[in-house]
Amino acid sequence: MARISLERIRGLVERPSVKNGMWMYLLQLFNTVIPLLTLPYVTRILGRDGYGLFSIALNFVGYLQVVVEYGFGMSATRKVAVRAGDDHDQLERTFSCVLFARVALTVACFAVTAIYCLFNTSLVVQCTCLAVMLSSILGYCVQQNWLFQGMQDMKFISIVNIVGRTVSTVLIFLLVKRADDLYLYCLLYSVSPIISGFAGLIVAKRAYALRIIRVGVGDVLAELKDGFFVFTTQLSSKVFGAIGVTILGVFCVPEVVGSFAAIQKIPTMMMLLWAPVSQVLYPIASRRLSQSFAAGYAFVMRVRRYALLAFGAACLVIALFSHFIVTLAFGPEYGRDFYWTIPLLGWLLAGINNNFFGIQVLLGSGHDKEYSTCFQIGVAATLVLNLVLIWLFGGDGAAWAPLVSELVLTALLYRQVSRLRRASREGEGAA
């Protein structure tokens, strides 16, 4: 019996889907643990001002990263998984088209950054940080995660990213020793995507015997067209999550940006704990909703109740000890803004709640258009609320704007779900 059980376990672990899942969870764990090690060190060494300048540059580069990665993480991955993976010539063509498209997008990003710096010559330190961190875009340009995902070789994604992040982390602890090392920290932070990007390119070329072949401009434009709608959604998501730091950088001094960026990491880290639950729940919810909307909805709401109870309890504990936690994690000078933790934890809970109504119910039941409409309105509300509240209240406004925005999205999603529930009941009554 034990032998049979071991064979079953071995067979289960050898399944490609399980192995890929294990590799991705390893990467997720690694990406969760590393900030826990580096953040307390870096925020103390650089101080609120230095960490604020770094955060402004990182936020700007984050937008450029979305542009360079474009929508290829979905569109090109799907093409490889469906067709190109079994056709080597087509795989080389897709590989080359994506690479050339990203090179063009990278050149455009460098040009935009140069223009930004020319019009902000008074912000010497900020622009220098941005120029240094722009080197990371080269790594995102050649990154092959989309290809490894399409070929279902997730181990390559995990290995190259873990290696790059490890090298970067070790160098940061060895070399960044004082506040004057701000530019050095920006450079060493950029080492991670550069190493993982070029290592991934070398692995992809050798593992799949790929060459960079000549393709037409029309082929590259077609690849860009295929990924356009995914790109716009991802850019909207980026705006939804990062606009607070962007607007703070315009209206407030770097010290305020540094405090906000550091404290915001607390709910962000907790959201990483929620992400695997959402990924596991989505296919189950989709299947149940396809069989019966009413039964599927009831199942999702049951899970929602337990999830909100668990995360709500954790948020309550963190809120009660927020001053101690912020001071311990980031340093005494960040402790003065500890109360920002409370609305940001509310934003976390509202975001998890919206995941159930939006991702699990609307997307899970195939109502992509309805979800997209709600999301785009939510993005517009986020932009307006951050702009107004930060202009009026500075860092306090930045802490409250995400929560208010999520509550706006909650109202929109709840309205759409209520309509679907009424339609489902009417359909069952007619039957």
Side-chain angles (χ1 to χ4, degrees), residues 28-56 58-59 165 169 172-173 176 179 185 189 241-242 244-245 248-249 252-278 306-355 386 389-390 393-407:
Q28 181 84 328
L29 176 64
F30 190 83
N31 286 336
T32 303
V33 171
I34 288 298
L36 294 176
L37 299 175
T38 57
L39 267 175
Y41 178 76
V42 169
T43 51
R44 284 171 168 81
I45 293 295
L46 298 183
R48 292 170 71 223
D49 181 64
Y51 191 71
L53 290 165
F54 162 77
S55 298
I56 293 170
L58 178 64
N59 193 59
R165 197 73 183 267
T169 301
I172 287 169
F173 278 116
V176 178
Y185 175 65
Y189 189 93
V245 172
L248 268 179
C252 300
V253 294
E255 287 91 340
V256 176
V257 181
S259 278
F260 178 78
I263 293 171
Q264 192 183 35
K265 290 290 190 297
I266 295 174
T268 301
M269 295 292 291
M270 293 184 69
M271 190 62 80
L272 289 177
L273 297 176
W274 162 248
V277 179
S278 175
Y306 292 121
L308 288 178
L309 184 63
F311 278 88
C315 287
L316 179 61
V317 172
I318 293 173
L320 290 173
F321 297 97
S322 54
H323 185 273
F324 172 76
I325 291 172
V326 170
T327 303
L328 178 66
F330 309 118
E333 61 180 325
Y334 296 83
R336 70 189 70 176
D337 300 315
F338 76 95
Y339 59 92
W340 291 349
T341 309
I342 296 171
L344 289 172
L345 290 171
W347 165 57
L348 167 71
L349 291 175
I352 293 174
N353 182 60
N354 287 343
N355 179 279
N386 272 279
L389 293 178
I390 291 173
F393 306 109
D396 294 346
W400 280 98
L403 173 58
V404 179
S405 302
E406 284 288 352
L407 292 177

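Heavy atoms only, all atoms of each residue included: A242 and N59 are closest at CB-OD1, 3.1 Å. Between C252 and G395 the shortest heavy-atom distance is SG-N, 4.4 Å. For the residue pair P402 and A398, the shortest heavy atom distance occurs at CD-O, 2.9 Å.
Proximity of Y51 to Y334: side-chain heavy atoms (C-beta onward) are separated by under 4.5 Å at one or more points. The closest side-chain heavy-atom distance from Y189 to F54 is below 4.5 Å.
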Could you tabulate the donor-acceptor pairs under 3.5 Å formed by side-chain atoms of residues 342-353, not counting sequence neighbours?
| from | atom 1 | to | atom 2 | distance (Å) |
| --- | --- | --- | --- | --- |
| N353 | OD1 | R304 | NE | 2.6 |
| N353 | OD1 | R304 | NH2 | 3.1 |

Name the atoms and distances for all side-chain donor-acceptor pairs under 3.5 Å in residues 254-268, with sequence neighbours left out.
| from | atom 1 | to | atom 2 | distance (Å) |
| --- | --- | --- | --- | --- |
| S259 | OG | R48 | NE | 2.7 |
| S259 | OG | R48 | NH2 | 3.4 |
| S259 | OG | D337 | OD2 | 3.0 |
| T268 | OG1 | Q264 | O | 2.8 |

Only pairs under 3.5 Å count here: list side-chain donor-acceptor contacts from residues 309-329, not counting sequence neighbours, and write none if there are none.
| from | atom 1 | to | atom 2 | distance (Å) |
| --- | --- | --- | --- | --- |
| S322 | OG | A319 | O | 3.0 |
| T327 | OG1 | H323 | O | 2.8 |

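With sequence neighbours excluded, the residues satisfying side-chain contact (heavy atoms from CB on, under 4.5 Å) with T169 are I34, T38, R165, F173. For W340, the side-chain hydrogen bond (donor to acceptor under 3.5 Å, both in side chains) test picks out D396, with sequence neighbours left out. The side-chain hydrogen bond (donor to acceptor under 3.5 Å, both in side chains) check on Y41 picks up nothing, with sequence neighbours excluded.
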